[in-house]
Asker: 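I have a structure I would like to understand better, so I am pasting it below and will then ask my questions one at a time.
A note on names: the letters A, B, ... follow the listed sequences, proteins ahead of strands, and every chain is numbered from 1.
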Amino acid sequence: MSKFPVEMIRHSAAHVMAAAVQNLYENVRFDIGPATEDGFYYDFDMPVRLTAEDLEKIEAEMKKIINARTPFEMFELTRGEAEKMLRERNQTYKLERLADIPEGEKISFYRTGEFVDLCRGPHVDNAGRIGAFKLMSVAGSYFKGDEKNPMLQRIYGTAFAEKSELADYLRLLEEAKKRDHRRLGTELDLFSFSENVGPGLVLWHPKGAFIRNAFETYWKEQHYLNGYEMLYTPHIGRCELWQTSGHLDFYKESMYSPMDIDDHDYYVKPMNCPFHIEIYKSRNRSYRELPCRWAELGTVYRYEKSGTLHGLLRARGFTQDDSHIICTPEQVENEIAEVLRFSLSIWKTFGFTRIQPYLSTRPSKAVGTPERWAKATESLEKAVRKAGLDCIVDNGGGAFYGPKIDLKVRDAIGREWQTTTIQFDFNLPERFHMTYTGEDGKQHQPYMVHRALFGSIERFFGILIEHYAGAFPLWLAPEQGRILPITDAQIPAARELAAKMQTAGLRVTVDERSQSLGGKIKDARNERLQYMLVIGEREAAEGKVGVRSRREGELGAMDPAVLIEKMQKEVIEKVC
RNA sequence: GCCAAUGUAGCUCAGUCGGUAGAGCAAUUCACUCGUAAUGAAUAGGUCAUCGGUUCGAUUCCGAUCAUUGGCUCCA
């Protein structure tokens, strides 16, 4: 195995790519080319618009550089020398990058063949260390990530020390493509979008709606069991509400335009919080009734930029599984710990067990006293420790209104999804003058915590589809089993079995089509059925059923009562 | 919103160097009655995303719009 870490190999591959681009094209200005989590990229400003064919040419040129084992050579220059060289080469972006290097730091360059790059390093000793690479795509990207800056052309690629690692990575991409929720959503008839309805607005088909209803029901049950109460609030509210909340000042560009009703502007809600606060404020509150744990499946609409929409994962209309916990300072630590414990247990039910919390702390511009921030942040940290987890800290990464914990969950093929968020809010209680009467008879401002467990129902459904690759566990499956009579002669027996299973609460159908068993199996498999129940002459005569399970394979002839018990158990235990 | 690409039947795609289109799967009908990933035949299905321009003629060329895809930015 190579002694070079994969990040170094990728960073070096980015240089090799830049060298290839320099060899092949005129008037190229270079920005930067770092390693990323699963590859590398390099940003270029060049007159030629790069296409897929260009990528092939560049790959071929890179292979030459790699096969020649072209060395990476480091040298240092003074700032003046560096400026002079970059200016001679008309490398304006590099000059800006050079200016960003603090005084006193070493200014190093790396040479790879003809290509010389301002770079901190380190690099592999020669390009031959790049055992396997592939260029993936061309995309636009703003210089320094700022949309006011010019847009550069970015080439993405990936690289590994070994060819087998690249093959594994490409297989993972293949697998991810097969699981793509947009593709499965169409294939399994779960949901769709319509141009007539509008971008980012989801239409839930019967099967998708069934699954949604199943997990929403579970969500509600669990919330009641864990001391939450449910709310319902309207979809629109007057502009005064959004003025008070501050959304019209800070969030207006993400809100749908108002509608004028009886000379009042009404906005479609982008968030549920102000409504929950109005419920809190509908009468005086005493410390005795805190904490309030209020939850709602609240549908909101946000005008997301058109380029950011992505199937169910980023929609314009979506339902938050929203909750607000309003409590006293004494209660807050316990409440946070409970929210986290509750979240982890729900994720486990769906088969997500690898979970990474991220803690975001106070940014430079923030509302709320430092004492409140400190207490809130501490209670978040403690909750994570209590759950036996370690959090990754994003210092200064919190919203201006409070610190937060986000959970990233890993799915069946190891991808991370950002889902649960637990956020303190020091802004809204202040703006809405929320109070409670304390033990001392005086008015106090409560703590308020926003919490979305799945984030959004739509997004969660998209993640679930990809996590299960469309094969939903029995408790969520719209159709739990399909009975396949081999010939028409077994249709009565099949119907009888179906009736028996339906009476037992199982969702089964009979495939009565005039089709071979192989054909029926194929279709049932493509529809990701968990149970295929074959009834031929033999089974009909013996009063049994041939069971084929998606997870366990062929189980042979079973007594219907045994099968029903097995399936019921699987439903109750929510086996994934 | 920005950069780039794409848009042909329900789905996956082919095709027309300008003369109004085709396959597989799915659907429907008929026949077949079959033992664990495709039984056969027939039928039907399209304003070639939309609008405009060039042209005798546009699905094809040009422009705009809409939508989608890969990124960037954004996600108070």
Asker: Checking contacts here: which listed nucleotide (B:rA76, B:rC74, B:rU68) is nearest the side-chain heavy atoms of A:Tyr401?
Answerer: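 The listed nucleotide nearest to A:Tyr401's side chain is B:rA76.
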Asker: Please check if the number of heavy atoms outside A:Glu253 that lie under 6.0 Å from its CD is greater than 12.
Answerer: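 Yes, CD of A:Glu253 has more than 12 neighbouring heavy atoms, counting only those of other groups under 6.0 Å.
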Asker: Rounded to whole angstrom units, what separation is found between the CD atom of A:Glu147 and the P atom of B:rG71?
Answerer: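 After rounding, the reported distance stands at 19 Å.
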Asker: Return the 5'-most residue of the pair A:Arg513, A:Gly311 with respect to RNA chain B, ranking by each residue's nearest nucleotide.
Answerer: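 Upstream on the strand: A:Arg513.
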Asker: Counting heavy atoms from C-beta on, name the nucleotide in B:rG70, B:rC72, B:rA76 closest to the side chain of A:His310.
Answerer: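 Out of B:rG70, B:rC72, B:rA76, the nucleotide with an atom closest to A:His310's side chain is B:rG70.
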Asker: Can you establish whether the number of heavy atoms outside A:Glu537 located under 6.0 Å from its atom CD is more than 12?
Answerer: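 No, the 6.0 Å shell around CD holds no more than 12 heavy atoms from other groups.
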Asker: Testing A:Arg548, A:Gln480, A:Arg551, A:Glu570 one by one against A:Tyr531 for a side-chain hydrogen bond (donor to acceptor under 3.5 Å, both in side chains), which residue passes?
Answerer: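 In the set A:Arg548, A:Gln480, A:Arg551, A:Glu570, the residue that makes a side-chain hydrogen bond (donor to acceptor under 3.5 Å, both in side chains) with A:Tyr531 is A:Glu570.
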Asker: Establish, with yes or no, whether the OP1 or OP2 oxygen of B:rC75 is under 4.0 angstrom from a side-chain nitrogen or oxygen of A:Tyr251.
Answerer: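 A:Tyr251 to B:rC75 OP1/OP2: no side-chain N or O under 4.0 Å.
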Asker: Does A:Ser306 have a side-chain nitrogen or oxygen under 4.0 Å from the phosphate oxygens OP1 or OP2 of B:rG1?
Answerer: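 True: A:Ser306 side-chain N/O within range (under 4.0 Å) of B:rG1 OP1/OP2.
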Asker: Measuring from the side chain of A:Ser514 (C-beta onward, heavy atoms only), which nucleotide among B:rU69, B:rG35, B:rU33 has the closest atom?
Answerer: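 It is B:rU33.
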Asker: Assuming nearest nucleotide by heavy-atom distance, tell me which of A:Ser516 and A:Glu539 is located more 5' along RNA chain B.
Answerer: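 Of the two residues, A:Glu539 wins.
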Asker: Looking at the rings of A:Phe461 and A:Trp204, which for Trp means the six-membered one, are their centres under 6.0 Å apart?
Answerer: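 Ring centroids of A:Phe461 and A:Trp204 are less than 6.0 Å from each other.
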Asker: Taking atom types as they are modelled, would you say the side chain of A:Glu253 forms a donor-acceptor pair with the base of B:rG1 within the 3.5 Å cutoff?
Answerer: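 A donor-acceptor contact between them is absent.
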Asker: Can you see if the side chain of A:Arg316 gets near the phosphate of B:rC74 - specifically, an N or O under 4.0 Å from OP1 or OP2?
Answerer: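 No, outside the criterion.
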Asker: Tell me whether the side-chain N or O atoms of A:Arg314 pair up with the base of B:rC74 as donor and acceptor below 3.5 Å, since no angle test is needed here.
Answerer: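 Pair found.
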Asker: Taking the P atom of each, how far is B:rA58 from B:rC25, in whole Å?
Answerer: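 So the two P atoms sit 35 Å from each other.
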Asker: A:Leu313 CG to B:rC75 C1': how many Å, rounded?
Answerer: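 Answer to the nearest Å: 14 Å.
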Asker: Measure from the side chain of A:Met151, starting at C-beta and using heavy atoms only, and say which of B:rC74, B:rC2, B:rA76 lies closest.
Answerer: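 Nearest nucleotide to the side chain: B:rC2.
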Asker: What about A:Asp249, does its side chain sit under 3.5 Å from the base of B:rA76 through a donor-acceptor pair?
Answerer: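 Looking at the base of B:rA76, it does not pair with any donor or acceptor on the side chain of A:Asp249 (distance under 3.5 Å).
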Asker: Can you tell which of B:rA38, B:rG35, B:rG71 lies closest to the side chain of A:Tyr156?
Answerer: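 For the A:Tyr156 side chain, the nearest candidate turns out to be B:rG71.
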Asker: Less than 3.5 Å between a donor and an acceptor, one on the side chain of A:Thr487 and one on the base of B:rC34, is that the case here?
Answerer: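 Counting by modelled atom types and ignoring angles, no donor-acceptor contact under 3.5 Å is found here.
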Asker: Out of B:rA38, B:rC75, B:rC2, which has the shortest distance to the side chain of A:Arg302?
Answerer: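 Taking heavy atoms from C-beta onward, the closest nucleotide is B:rC75.
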Asker: If I pick the C1' atom on B:rA44 and the same atom on B:rA4, what distance separates them, to the nearest angstrom?
Answerer: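 That atom pair is separated by 40 Å.
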Asker: Side chain of A:Tyr303, base of B:rG1: donor and acceptor closer than 3.5 Å?
Answerer: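 No such pair is found, so the answer is no.
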Asker: Taking atom CD1 of A:Ile277 and atom CD1 of A:Ile326, what is their separation to the nearest 0.5 Å?
Answerer: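 Rounded to the nearest 0.5 Å, the CD1-CD1 separation comes out at 7.0 Å.
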